[in-house]
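In what follows, a single structure is set out as structure tokens and then discussed.
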Amino acid sequence: RTRVGVLLSGRGSNMIALVEASRAANCPYEVVLVASDKPEAAGIAWAKAEGIATFALSPRGLGKPAFEAAIDRALRDAAVDVIALAGYMRLLSDGFVAAWRDRIVNIHPSLLPKYKGLETHARAIAAGDATGGCSVHLVTEELDGGVVLGQAEVPILPADDADALANRVLAAEHALYPRTLAEFVTR
Ligand code: GAR
């Protein structure tokens, strides 16, 4: 099975969806490490409680090169094949992306190429879009710019605020990410 390292910064609901899907006998990947730039992230506590290896390090006071070198070392020590970003809210440097070329995937809460970056749901509502959604894509040096591997679409309802839409999209993320990651590692 392909060895996946998940990077996250917070709640970790997408990481949980990946781990739960990986428990199916025929799943082609396993989550061997959950790493974070936020030692207090809820996702780190969940992974620990499940007995999954974790690595958490704040970049504060370290500087980006040393921080990324430590993350890179942890991923390599765990013999990670593919990195899955799951709510990882920090930009990876060009050097890190190049070192893991075509081996980093991300889930983004919009129908790319629409709404790269932050506040995706508020922007989709403000634009009057009839649908929103999420995308799993390869990570390149361009923010949210790599080739799209899979997408799921949900309706935007007249009463939606950004939180209501985010919740509907999040449910779609939890189905899309495990399926797309499984396809990606068996491509
Ligand atoms: C998810 O909605 C994910 O798509 C988004 O953050 C949330 C993380 O939730 N990612 C980004 O905005 C990346 N720029 P989770 O921690 O519960 O998986």
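Here the structure is a predicted model, which means the values were calculated and not measured. Side-chain atoms are counted along with the backbone in the values below, which use heavy atoms only and exclude waters and symmetry mates. When a ligand or atom number is given, it counts from 1 through the structure's own listing order.
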*Out of curiosity, is I107 lining ligand 1, as in a heavy atom under 4.0 Å away?*
yes
*When only distance counts, is Y88 in polar contact with ligand 1, meaning an N/O pair under 3.5 Å?*
no
*So, do P109 and E173 sit near enough that their side-chain heavy atoms are less than 4.5 Å apart?*
yes
*Quick one: nearest non-hydrogen protein atom to atom 9 (O) of ligand 1, plus distance?*
R11 NH2, 3.0 Å
*Shared hydrophobic cluster for L181 and I52 (ILVMFWY, side-chain gaps under 4.5 Å)*: yes
*Around atom 13 (C) of ligand 1, find the nearest protein heavy atom and jot down its residue, atom name and distance.*
M89 SD, 3.8 Å
*What part of M15, side chain from CB on, backbone N/CA/C/O, both or neither, has a heavy atom under 4.0 Å from ligand 1?*
neither
*Heavy atoms, side chains only, cut-off 4.5 Å: are V80 and V32 in contact?*
yes
*Which bit of L170 gets closer than 4.0 Å to ligand 1, counting heavy atoms only: side chain, backbone, both or neither?*
side chain
*Would you say the side-chain atoms of R73 pair up with the backbone N or O of A70, donor to acceptor, closer than 3.5 Å?*
no
_Test applied, side chain to side chain contact (heavy atoms under 4.5 Å, CB included); reference residue, V139; option that passes from I83, D102, L85_ = L85
_So, 4.0 Å and heavy atoms of C134: is ligand 1 close enough to count as a contact?_
no
*L91 versus K64: any side-chain heavy-atom pair under 4.5 Å?*
yes
*Common cluster, L112/L176, ILVMFWY with side-chain heavy-atom separation under 4.5 Å*: no
*Of all the atoms in ligand 1, which lie at a distance below 4.0 Å from a heavy atom belonging to E173?*
1 (C), 2 (O), 3 (C), 4 (O)
*Looking only at protein heavy atoms, which one is nearest to atom 16 (O) of ligand 1, and how far off is it?*
G12 N, 2.8 Å
*Protein heavy atom at shortest distance from atom 12 (O) of ligand 1*: P109 CD, 3.6 Å
*Of S13, G87, G10, which has the heavy atom at the shortest distance from atom 15 (P) of ligand 1?*
S13
